[in-house]
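What follows is a set of notes on a single structure, which appears directly below.
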Amino acid sequence: MTIYPIQFCNFAPRINNINMAERKVRVRFAPSPTGPLHIGGVRTCLYNYLFAKKNGGDLLLRIEDTDSQRFVPGAEEYIIEAFKWLGITFDEGVGVGGPNGPYRQSERRDIYKIYVKQLIESGHAYYAFDTPEELEAKRNAIPNFQYDSHTRMQGVNSLTLSEDEVNRRIAAGEKYVVRIKVEPDEDIEVDDLVRGKVVINSNILDDKVLYKAADELPTYHLANIVDDHLMEITHVIRGEEWLPSAPLHVLLYRYLGWADTMPRFAHLPLLLKPEGNGKLSKRDGDKLGFPVFPLQWKDPKSGDISSGYRESGYLPEAVVNFLALLGWNPGNDQEMLSMDELIELFSIDRISKSGARFNYEKGKWFNHEYLIRKSDEEVAHMFEPILKEKGITCAFDKLKYIVSLVKERITFPADLWEQASFFFEAPTAYDEKSLKKRWKEESPQCLRELVEVLKGIDDYSKVNENEQLVLDWVASKGYNLGTVMNSFRITLVGAAKGPHIFNIIDILGKEETIARVNRALEVIK
Ligand code: GLU
């Protein structure tokens, strides 16, 4: 049995500092394809990407599919498509290729077997034959049972059976697992770049299963460490939920003889519910009406649809900006940050230790801000499919003009219809509230006279000139300007809303403008 000195871990970080300076930064995003990628996973990958690009390093995409029970078809394709949409690219990995492949763990069986054997031969792991029933009986009989240094000698394993018996069972095809042999009474130190030093005593760890003969595959823990080592990963940036696994990972690096090239860990803070208490869940999104997945997802079994940021009308740059600031800040109060600026400013020191409240209203704000910065032409292209669906055709120049008038008022492209529908469909009803507040006794008379003024105007595109003309007319008549304009607006739009009135009539044209006023005069009593 090899016993490693406890103080070993005290100088491991120093060795890593040296490595860090010398080695090219290499990070990885390593999702398990168990369903759609949660927005927290998207943030994790984004931080890895920003860190890699900032440091001139590589980002790998590795698919951790060793748990065949939890494999969901379509999940891998979904993940790849989501990052493509967001503009996050990988230097190596599934879908890209590279010199360290294959990048899907299920295709690396033979590689892992070498290290399983190495761990067994060096005495850091052992075969275990306990059946699920036997383990269940132990759990029922012993409170807080775990397979560890105190209980392993009561198990059916290669530490309690003779070598011949072990060989006989394996030769007979008995389904065994391989467990790590955690040495007791040792302080294991995890030096985390976000959390600082975390020390855990090995007594609380169990002898985790590293390999299952039934699947001929390692479990997450071993595959993850072997691959990070072979793929020369320098930094493991991942969600806080993996922090409890880190001490075991530190042990594995040591038992495999790789402690001097162990990656640095950075565990990211949790994404919290919008109210701030507890972890963000899909249910919060359903309840409050925001997506928790980057793309829409259709569950292959139930057919249930979960909404996605893309399909809800979010712009990828808005999602990236929003996520980047959930748990990190640039060190000043700049909020609008492009991907290039994020790369420039990113550093692990400014990742916060405490959880980040998922303020989805802020996400909407970002979307609005990015949308209004788009050109009228780009937003008009977003409007086109909405109109097409309604069977409406519109010259592109006119559409651009309309967009220029309503763009400031939208959060999502879908809001364009709500803000601009009256340009395409004359009002058939008039908003009660607007009428009550704005339609005055003298409104019909004023409007009847206004129609005559409108008939006298020939060029409706002279927006300022026409406005002046009408203002002068109102003044000459001594009418109340507000009453005239508000009533006029209601006849054109159907409610007291919308952009500048002389732009509206420019788009509607003379005939339609006059027709709308006349129709309203008939309908509104
Ligand atoms: N396969 C793990 C996951 O699904 C990877 C965790 C890690 O990054 O080490 O998140």
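Counting from 1, the numbers follow the sequence of the chain as shown. Whatever order the structure lists them in is the order used to number ligands and atoms, beginning at 1.
From the protein, the heavy atom lying nearest to atom 5 (C) of ligand 1 is Ala30 O, 3.1 Å. Here the protein heavy atom with the shortest distance to atom 9 (O) of ligand 1 is Arg238 NH1, 2.8 Å. In terms of protein heavy-atom proximity, atom 8 (O) of ligand 1 is nearest to Arg28 NH1, 2.7 Å.
Those atoms of ligand 1 with a heavy atom of Asn224 less than 4.0 angstrom away are 7 (C), 9 (O). Close approach of ligand 1 to Glu64 is summarised as follows: ligand atoms under 4.0 Å from at least one heavy atom of the residue are 1 (N), 2 (C), 5 (C).
Judged by a 6.0 Å distance limit and a 45° cone about the ring axis, Arg43 is positioned over the six-membered ring of Tyr47. Geometrically, Arg169 does not engage Tyr176 in a cation-pi contact defined by less than 6.0 Å to the ring centre and at most 45° from the axis.
Defined by atom type and a distance below 3.5 Å, a donor-acceptor pair is missing between the side-chain atoms of Tyr253 and Asp260. Side-chain atoms of Ser375 and Glu378 form a donor-acceptor pair, as typed in the model, at a separation below 3.5 Å.
Using 4.0 Å as the threshold, Glu241 has no heavy atom nearer than that to any atom of ligand 1. In this structure, Val236 does not count as a contact residue of ligand 1, since none of its heavy atoms falls inside 4.0 Å of the ligand.
Put simply, the side chain of Glu92 never gets that close to the backbone of Leu59: no donor and acceptor are under 3.5 Å apart.
Looking at ligand 1, you won't find any N or O of Pro31 less than 3.5 Å from one of its N or O atoms.
With a 4.0 Å heavy-atom cut-off, ligand 1 is reached by no atom of Phe29.
Closest of all the heavy-atom pairs between Lys279 and Asp284 is O-OD2, 3.8 Å.
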query = Could you go step by step and tell me if Phe290 and Tyr314 meet the ring pair (Phe, Tyr, Trp, His ring centres under 6.0 Å) rule?
reply = CA-CA 11 Å; Phe290 63 88; Tyr314 283 85; 9.5 Å; no
